[in-house]
Peer 1: 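Got a structure here, written out as structure tokens. Questions coming.
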Amino acid sequence: MQGEKVVLAYSGGLDTSVCLKWFEQRGAEPYALYLDLGQGEPAVDVKKKALNIGAADAFVRDARAEFADEYVAPAIKANAMYGGRYPLFTALGRPLIAKKLVEAAREVGAENIAHGSTGKGNDQVRFDVTTASIAPDLKVVAPVREWGMSRPEEMEFARENGIPVPTTKESPYSVDENLFGRSIEAGPLEDPDHEPTPDVFEMTAEPEDAPDEPRHVEIGFEKGLPTSLDGREMALVDLIPALNVIAGEHGFGRIDMIEDRLVGIKSREIYEAPAALALIQAHRELESMTLTKDVLRFKAQVEQRYAELTYDGLWFTPLKAALDAFIDETQKTATGTVRLKLYKGSATVSGRTAEKPLYSQDLATYDPNSTFDESAAAGFIALWGLPARQWAGVHGDVESARQKAE
Ligand code: ARG
């Protein structure tokens with residue numbers, strides 16, 4: 001890498017700080033890029049820290065709105081949940097980080113980008129494959145995957161090279177966080193039978209400590225996009241943090257699951273994603289009012305595939321673009337409101353309205369003046385049940401026929 005420029009995704013933490021120095025020692029010219037995806041204020045002045053360590057330059061950029069509008073919004077429309085449970089916030093952030101690294105690489109004329117992922121997780125795949133998809137001419141370097149240093153060795157390296165080393169007792173957890181959720185792994189959580197202790201959580205209250213009074217919250221959607229909270233219009237980038245606070249206070253939004261990583265490992269994951277879970281639950285509910293049975297069924301298959309390809313680092317691919325086109329078609333009518341009741345760790349739908357609902361009270365009502373033509377039901381049932389009647393005429397009932405055959 002002698003003489004080459006490299007743009008590193010820099011968090012300000014130990015790993016990526018050591019990466020900067022590692023590049024410098026190899027004669028490369030490292031640039032640091034810190035992106036704000038809503039992970040909260042960094043503990044240090046990241047720009048100053050990167051420059052002190054030896055970065056040729058350091059950029060700090062706010063990508064929250066782009067993250068909300070271009071990555072989170074499509075995922076909400078797709079009700080994307082990996083394994084049916086994980087709302088994919090980390091997986092959604094990686095393609096954006098890779099895209100921003102590529103942009104920065106073009107600005108400084110770098111031929112490499114770099115990230116601090118290890119060789120055991122999904123994130124390396126997402127960074128590498130996204131870069132291959134959007135900038136196949138760039139090389140991706142992953143120092144942590146290459147150097148094989150243990151944590152104590154890394155700290156020793158940092159000390160020798162004047163990189164600030166955490167002095168307080170290190171948290172046993174590995175945390176990744178953005179606007180749309182927080183993931184907590186490692187330490188005692190690696191035992192799948194170990195119940196997470198309260199210190200694991202930051203966004204959600206212990207359900208038993210949550211307020212005794214339930215809180216109703218109304219989410220408004222326009223064409224599938226969440227646009228208001230309790231009647232107040234808000235951009236998605238502001239709505240998500242606001243809903244995180246409301247739902248988190250009521251202890252809603254925790255997930256504890258065993259997840260199948262792309263690299264073949266089963267891992268135990270703890271997530272906090274109050275807004276993500278609430279928004280997807282509400283969005284699904286609205287769709288139950290606006291989509292036909294056929295579209296709902298088919299969309300469920302698309303949603304699963306969408307979640308998988310997001311998880312697997314295939315965000316910038318033709319399959320994703322094609323599925324987006326299908327999903328956007330289904331969202332044209334997804335305008336309305338959903339009310340959730342939050343109470344001690346749960347969120348229950350307590351009401352829904354749609355601008356153009358397929359639900360019709362006139363049809364559904366048990367009132368005698370319903371517009372549903374009950375006399376048409378008998379003929380429909382005669383034909384619907386014809387194959388069953390035919391089979392029974394030939395074989396008798398299924399249960400006796402099975403016993404006879406044994
Ligand atoms: N298991 C989740 C995923 O693959 C979260 C990963 C969190 N990443 C991290 N570097 N701690 O998307």
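The residues of the chain are indexed from 1 along the displayed sequence. For ligands, and for the atoms within them, numbers begin at 1 and follow the listed sequence.
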Peer 1: Does Glu41 have more than 12 heavy atoms from other residues, nucleotides or ligands lying within 6.0 Å of its CD?
Peer 2: no
Peer 1: Quick one: which residue pairs count as a ring pair (Phe, Tyr, Trp, His ring centres under 6.0 Å) with a foot in residues 54-97, not counting sequence neighbours?
Peer 2: Tyr71-Trp315, Tyr82-Tyr311, Tyr86-Phe89, Tyr86-Tyr271, Phe89-Tyr271
Peer 1: Quick check: does Asp176 get an N/O under 3.5 Å from an N/O on ligand 1?
Peer 2: no
Peer 1: Regarding Asp199 and Thr197, is there a side-chain donor-to-acceptor distance under 3.5 Å anywhere?
Peer 2: yes
Peer 1: Within the 4.0 Å heavy-atom shell around Asn122, which atoms of ligand 1 are there?
Peer 2: 3 (C), 4 (O)
Peer 1: Nearest protein heavy atom to atom 12 (O) of ligand 1, by residue and atom, and its distance?
Peer 2: Tyr86 OH, 2.6 Å
Peer 1: Evaluating non-hydrogen atoms only, which member of Ser11, Ser183, Gly121 is closest to atom 7 (C) of ligand 1?
Peer 2: Ser183
Peer 1: Do you know the tightest heavy-atom contact between Asn244 and Leu179?
Peer 2: ND2-O, 3.1 Å
Peer 1: What atoms of ligand 1 come closer than 4.0 angstrom to any heavy atom of Tyr271?
Peer 2: 1 (N), 2 (C), 5 (C)
Peer 1: Identify which one of Arg106, Lys99, Lys100 satisfies the side chain to side chain contact (heavy atoms under 4.5 Å, CB included) criterion when paired with Val102.
Peer 2: Arg106
Peer 1: Give me the nearest non-hydrogen protein atom to atom 8 (N) of ligand 1 as residue plus atom name, then the distance to 0.1 Å.
Peer 2: Asp123 OD2, 3.0 Å
Peer 1: Considering only heavy atoms, does Arg126 approach ligand 1 within less than 4.0 Å through its side chain, its backbone, both, or neither?
Peer 2: side chain
